[in-house]
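In what follows, every heavy atom counts, from backbone to side chain, and hydrogens, waters and symmetry copies are set aside. Here is the naming used below: chain letters follow the sequence lines, and residue numbers restart at 1 for every chain.
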Number of protein chains: 2
Amino acid sequence: MIFSKRCLHALRAVLYLGVQPPEREFVPIREISQKLDIPFHFLTKILKELADQGFIISSRGAAGGIQLAKPTSELNVKEIIESIEGEDYFSGCILGFSKCDNDNPCALHDRWVAIKAEIQMMLGEEHLESLADRIKTQGLRLLEI
Amino acid sequence: MIFSKRCLHALRAVLYLGVQPPEREFVPIREISQKLDIPFHFLTKILKELADQGFIISSRGAAGGIQLAKPTSELNVKEIIESIEGEDYFSGCILGFSKCDNDNPCALHDRWVAIKAEIQMMLGEEHLESLADRIKTQGLRLLEI
DNA sequence: TTTAATTAAGACAAAATGGTCTGATTTAAG
DNA sequence: CTTAAATCAGACCATTTTGTCTTAATTAAA
Ligand code: FES
Ligand code: FES
C-alpha cells in the first residue's frame with residue numbers, strides 16, 4: 001500500500017467533512033469514526049495533527065467537533081498527504097537510496113522521476129472541492145476500507 | 001517510501017548479481033551483504049524467498065552462494081517486486097479501499113488507474129539486463145541505502 | 001576424512017506502526 | 001452551578017516489520 005493507515009484515515013476524514021452540507025459547523029469526531037469505521041482515539045490523534053497543521057479547526061466541549069479550516073477549494077490533497085507522511089514523501093528514490101539525485105541517479109531514476117512528476121501533478125491539482133463534488137454528484141464511495 | 005525494506009534489499013541484491021562478470025558462478029550472500037550494507041541474516045531470508053520463487057539458485061557449502069536463475073534479459077523487475085510485496089501490490093486503491101474497482105470507484109480512481117498503468121508498464125518493461133547495463137556503462141549507484 | 005565455508009531453519013529481539021484506555025480539560029446549555 | 005458532550009494528553013498494548021543470534025545441514029577441497 002502506498003499510504004499509511006494514518007494518512008488514509010486522515011484523507012477519508014477530511015473527505016467526510018468535505019461532503020457535509022455547508023451549513024454544518026463542527027462535526028464530532030465520534031460521528032466520523034462511526035461512519036467511516038475508524039478507531040475513535042486513533043482518529044482523534046490523527047486529526048489533532050491536521051489541526052496543528054492548520055487544515056482543520058477543532059472545538060472542545062458540547063457542540064464541539066472539527067471543521068475544515070478553509071474552503072474545500074483551498075485544501076490540497078498533496079499537502080494533506082505530505083503533512084502526515086512527511087514533506088519529502090513524494091521526492092524519494094524508488095530503489096530506496098537516501099536521496100533521489102540527478103547527479104547520482106539509480107538505475108530507474110529517469111523513468112521514476114517522470115512518473116513521480118505525474119503523481120505530484122495529479123495530487124497537486126486535486127483539491128477537496130473536486131473530490132467532494134465527485135463523491136456527492138456521482139455517489140462515489142467513502143465507506144469501507 | 002513505496003517499497004518495503006525487504007523488497008529494496010531484494011532488488012539491490014539481484015542488481016548486484018546482474019552486474020557481476022558473466023563468468024562468475026555462485027556469489028556468497030556474505031559478500032552481497034557487506035558490499036551493499038544489508039544485514040546478512042535478513043538478506044539470507046529474503047533471498048531464500050527469491051530462490052523459492054525461482055528467481056535465483058542457491059548452493060550450500062564451500063564455494064556456494066547464489067546465482068541468477070535465468071539470463072538477466074528474462075528477469076523482470078515487476079515480477080521480482082510482486083514476488084516480495086504480493087501479487088496485487090500494483091492493483092490497489094489509492095485511498096486504501098479493499099479493491100480498486102471500476103464499478104465502485106473512489107474519488108481519485110480515474111486519475112490513479114492511469115498512473116498505476118504507467119507504473120506497471122514501466123516496471124513491466126524493465127528487465128535486470130537494462131538496469132545492470134546502465135549501472136555498468138554509466139556507473140549508476142548501487143551502494144548506500 | 002577432516003576442515004572450512006557456505007546456505008537453511010527457526011527462535012528471539014528491537015523498532016515502527018497501529019490501536020486502546022483512562023482521565024483531564026473545555027464548553028454549551030439546562 | 002451543574003451536567004453532559006466533546007477534544008486533549010499521555011500511558012499503555014498489539015501487530016507488523018525489521019533485524020540478530022545460534023545451530024544444523026551441506027559441500028568443496030586440503
Ligand atoms: S535516484 Fe533512484 S529514483 Fe532518482
Ligand atoms: S477505487 Fe480507489 S483508486 Fe480505484
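- Straight-line distance from the CG atom of B:Leu17 to the P atom of C:dT7: 11 Å, rounded to whole Å.
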- Task: Produce a footprint string for nucleotides 22-30 of chain D: one letter per nucleotide, 5' end first; B if the base is under 4.0 Å from any protein heavy atom, S if only the sugar-phosphate is, - if neither.
- Result: B--BBBS--
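- Residue pairs meeting the salt bridge (charged side-chain N to carboxylate O under 4.0 Å, His left out) criterion with at least one partner in residues 51-60 of chain B, sequence neighbours excluded, are B:Lys48-B:Asp52.
- Rounded to whole angstrom, the span from the CG atom of B:Leu43 across to the C1' atom of C:dA9 amounts to 16 Å.
- With sequence neighbours left out, B:Glu25 forms a side-chain hydrogen bond (donor to acceptor under 3.5 Å, both in side chains) with no residue at all.
- Residues meeting the ring pair (Phe, Tyr, Trp, His ring centres under 6.0 Å) test with B:Phe42, sequence neighbours left out: B:His9.
- Not one side-chain nitrogen or oxygen of B:Thr44 sits closer than 4.0 Å to the OP1 or OP2 atom of C:dA8.
- Straight-line distance from the CD1 atom of A:Ile32 to the C1' atom of D:dA5: 15 Å, rounded to whole Å.
- Identified under the side chain to side chain donor-acceptor pair (under 3.5 Å) test for residues 108-120 of chain B, with sequence neighbours left out: A:Glu125-B:Arg111, A:Glu126-B:Arg111, B:Asn102-B:His109.
- Counting heavy atoms from C-beta outward, B:Val14 and B:Leu75 have side chains that stay 4.5 Å or more apart.
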Please list, pair by pair, any protein nitrogen or oxygen found under 3.5 Å from a nitrogen or oxygen in nucleotides 12-19 of chain C.
residue, atom, partner, partner atom, Å
C:dG18, OP1, A:Lys5, N, 3.0
C:dG19, OP2, A:His9, NE2, 3.4
C:dG19, O6, A:Lys45, NZ, 3.1

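- Within 4.0 Å (heavy atoms only), B:Ile29 reaches sugar-phosphate atoms of the nucleic acid but no base atom.
- One atom, CD1 of B:Ile38, and another, C1' of D:dT17, lie 16 Å apart when rounded to the nearest Å.
- Rounded to whole Å, the distance from CD1 on A:Ile57 to P on D:dC8 is 12 Å.
- Atom CD in B:Glu49 sits about 16 Å away from atom P in C:dT7, given to the nearest Å.
- Applying the salt bridge (charged side-chain N to carboxylate O under 4.0 Å, His left out) test to every pair with at least one member in residues 65-82 of chain A, sequence neighbours left out, gives these pairs: A:Lys78-A:Glu82.
- Residue A:Val113 shares its hydrophobic cluster (ILVMFWY side chains chained together at separations under 4.5 Å) with no other residue.
- With values rounded to the nearest 0.5 angstrom, B:Ser91 atom OG is found 11.5 Å from B:Asp101 atom CG.
- Counting Ile, Leu, Val, Met, Phe, Trp and Tyr side chains that sit under 4.5 Å apart, directly or through other members, B:Ile57 shares a hydrophobic cluster with B:Phe26.
- Rounded to an integer number of Å, the gap from CD of A:Glu31 to P of D:dA5 is 15 Å.
- Distance, A:Asp37 CG to C:dT20 P: 10 Å, rounded to whole Å.
- Among the protein residues, B:Phe40 comes within range of the nucleic acid bases, having at least one heavy atom under 4.0 Å from a base atom.
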